[in-house]
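Note that ligands are numbered from 1 as they come in the structure, with each ligand's atoms numbered from 1 the same way.
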Amino acid sequence: MSNVELDGLRARLDEINGQLLELISERAQVVQEIGAVKEKQGVPKFDPEREKQMLEKLVANNKGPFTSGTIRTLFKQIFSASLDLQSTDHKKSLLVARKNHAEDTVIVLPGNVTVGGLSSLMVAGPCSVESELQTRTVAAALQKAGVKVMRGGAFKPRTSPYDFQGLGMDGLRILREAATAYGLLTISEIVDPRHIEEALDYVDVIQVGARNMHNFELLKAVGEVNKPVLLKRGLSATLDEFVHAAEYIMSRGNTEIMLIERGIRTYEKSTRNTLDISAVPILKQECHLPVLVDVTHSTGRKDILIPCAKAALAAGADGIMVEVHPDPATALSDAAQQLNIDEFNTFFNEVKASGLYR
Ligand code: PEP
Ligand code: MN
């Protein structure tokens with residue numbers, strides 16, 4: 001074959017490549033348009049039946065030289081690339097996505113306490129609000145230590161219905177009174193959308209617990225109020241599910257959301273859950289929301305809280321949550337994992353001394 005002939009064929013190949021590129025790009029655009037229509041209709045983007053029909057039609061029209069198998073493989077690749085394109089677009093369009101909002105969201109709580117941004121936040125307090133005395137004792141210690149935000153559960157989602165279920169609204173009142181007396185803010189879990197309205201007077205931040213991360217009606221309901229939300233990662237939730245749970249809240253208008261990694265279920269038994277440190281930089285990269293780490297529930301072990309808190313801060317966490325009880329041995333929930341007041345002071349001092357707590 002002469003060089004002229006070869007050059008001619010190569011030029012023809014370049015031309016066909018160009019045409020193929022134009023056609024697959026045009027095809028991708030049509031797929032995106034279909035995706036937008038499906039999104040409006042609320043139907044799934046992937047339609048295996050339709051994909052099968054398209055492949056069968058292509059195979060039937062195939063005149064060679066490619067085999068039917070090769071045609072299937074080639075077109076399946078094109079189909080899946082188009083579908084991927086839709087999911088990337090979808091991620092980009094999430095309200096919680098950093099791609100959409102480059103700056104860190106900084107939540108300003110009453111008293112100018114900020115979450116996210118330049119300073120770290122320590123959230124501490126009992127697993128459950130048990131009594132006025134217990135709550136006030138912790139509040140006094142936290143104020144003395146310089147903590148600004150106290151946690152305390154009033155509605156407790158317990159594994160057994162026979163275990164202490166929390167004091168309910170009375171617990172929220174006790175928490176609020178103790179917090180106000182010691183100049184603290186409050187975080188408490190709400191498990192039922194019907195309790196939100198009444199709880200607004202008692203909490204500065206509504207906590208959505210790990211067991212309720214998939215409770216979409218609760219997520220929508222907290223999305224409709226004007227109160228910051230602390231959203232815990234579900235026990236077995238992927239980060240994608242976690243991010244979408246936050247999106248449920250934000251899509252209803254509430255933009256003040258903090259995410260908190262609290263450990264996930266794995267086969268590892270030496271800790272109560274497995275603290276997924278990698279969640280911190282991934283969430284910070286993908287979302288613009290503050291990210292905290294609950295060292296208590298993720299580890300369930302008092303002896304490793306200090307290194308775990310340091311690791312969380314080193315990985316970019318905006319804050320730490322830890323459980324503190326005046327007398328953990330007698331606690332009505334999570335007795336084994338709560339710090340007593342002296343232990344908390346040592347913990348907080350060590351975390352601050354690391355230089356990682358800003
Ligand atoms: C809590 O923080 O009180 C709690 C119950 O934690 P989680 O939802 O992470 O289990
Ligand atoms: Mn607890």
Side-chain angles (χ1 to χ4, degrees), residues 121-130 134-135 138 149-161 163-168 171-172 174-175 185-192 195 199 202-215 218-219 222 228-237 239 241-242 245-246 249 257-266 271-276 279-280 283 291-302 305 308-309 312 317 319-340 343-344 347:
L121 183 77
M122 180 60 70
V123 179
C127 180
S128 299
V129 171
E130 298 170 6
Q134 170 243 18
T135 312
V138 178
V149 185
M150 174 159 72
R151 59 148 288 140
F155 294 95
K156 296 302 297 177
R158 305 301 301 282
T159 301
S160 167
D163 285 340
F164 178 59
Q165 300 288 303
L167 299 179
L172 289 187
I174 293 172
L175 179 70
L185 301 176
T186 60
I187 295 188
S188 200
E189 176 167 355
I190 300 299
V191 296
D192 186 333
H195 294 147
Y202 305 116
V203 297
D204 295 299
V205 177
I206 298 172
Q207 178 170 316
V208 173
R211 287 152 196 81
N212 273 310
M213 192 213 82
H214 290 288
N215 181 342
L218 181 64
L219 297 176
V222 297
V229 175
L230 176 70
L231 176 64
K232 296 195 115 185
R233 181 177 182 182
L235 274 67
S236 302
L239 292 180
E241 289 165 339
F242 191 18
I249 301 173
I257 307 163
M258 310 155 210
L259 303 172
I260 181 161
E261 158 64 29
R262 48 78 71 205
I264 47 173
R265 280 213 167 138
T266 69
T271 47
R272 178 174 170 182
N273 289 291
T274 295
L275 169 55
D276 179 9
V280 177
L283 291 169
V291 176
L292 281 72
V293 170
D294 174 344
V295 287
T296 300
H297 292 97
S298 54
T299 64
R301 294 175 57 146
K302 300 206 276 189
L305 293 187
C308 289
I320 300 293
M321 180 185 265
V322 66
E323 285 185 344
V324 186
H325 190 286
D327 182 16
T330 63
L332 298 178
S333 58
D334 286 349
Q337 69 186 30
Q338 301 195 62
L339 297 178
N340 67 30
E343 287 166 339
F344 171 72
F347 167 81

Original post:
So, are Arg233 and Asp276 salt-bridged, with charged N and O less than 4.0 Å apart?
Top reply: yes
Original post:
Does any N/O atom on Ala210 come nearer than 3.5 Å to any N/O atom on ligand 1?
Top reply: yes
Original post:
Does ligand 1 have any atom that is closer than 4.0 Å to a heavy atom of Arg151?
Top reply: yes
Original post:
Who's the nearest protein heavy-atom neighbour of atom 5 (C) of ligand 1, and how far?
Top reply: Glu189 OE1, 3.8 Å
Subject >> Residue and atom, protein N/O/S, under 2.8 Å of the Mn ion (ligand 2) >> reply: Cys127 SG, His297 NE2, Glu323 OE2, Asp334 OD2
**OP:** Flag the pair Gln337 / His297 as yes when at least one side-chain heavy-atom distance between them is below 4.5 Å, and no otherwise.
**Re:** yes
Original post:
For ligand 1, which atoms have a heavy atom of Arg262 less than 4.0 angstrom away?
Top reply: 7 (P), 9 (O), 10 (O)
Original post:
Any salt bridge between Arg151 and Glu323, counting N to O under 4.0 Å?
Top reply: yes
Subject >> Ser333 and Ser128 side chains, donor-acceptor separation under 3.5 Å >> reply: yes
Original post:
What distance separates Leu172 CG from Tyr202 OH, expressed to the nearest 0.5 Å?
Top reply: 7.5 Å
Original post:
Once you round to the nearest 0.5 Å, how far does OG of Ser188 lie from NE2 of His195?
Top reply: 12.0 Å
Original post:
Counting each atom of ligand 1 from 1 as listed, which ones have a heavy atom of Gly209 under 4.0 Å away?
Top reply: 8 (O)
Original post:
So which protein heavy atom does atom 6 (O) of ligand 1 come closest to, and at what separation?
Top reply: Lys232 NZ, 2.9 Å
**OP:** State the CZ-SG distance between Phe347 and Cys308, to the nearest 0.5 angstrom.
**Re:** 9.0 Å
Subject >> Backbone of Val129 reached by a side-chain donor or acceptor of Lys156 within 3.5 Å >> reply: no
**OP:** Kindly write out the residues that satisfy salt bridge (charged side-chain N to carboxylate O under 4.0 Å, His left out) with Glu343, not counting sequence neighbours, or none if the list is empty.
**Re:** Lys302
Original post:
Is Asp294 in polar range of ligand 1, meaning some N or O pair under 3.5 Å apart?
Top reply: no
Original post:
For ligand 1, which atoms have a heavy atom of Arg211 less than 4.0 angstrom away?
Top reply: 7 (P), 8 (O), 10 (O)
Original post:
Would Asp334 and Arg272 pass as an ion pair if we require N to O under 4.0 Å?
Top reply: yes
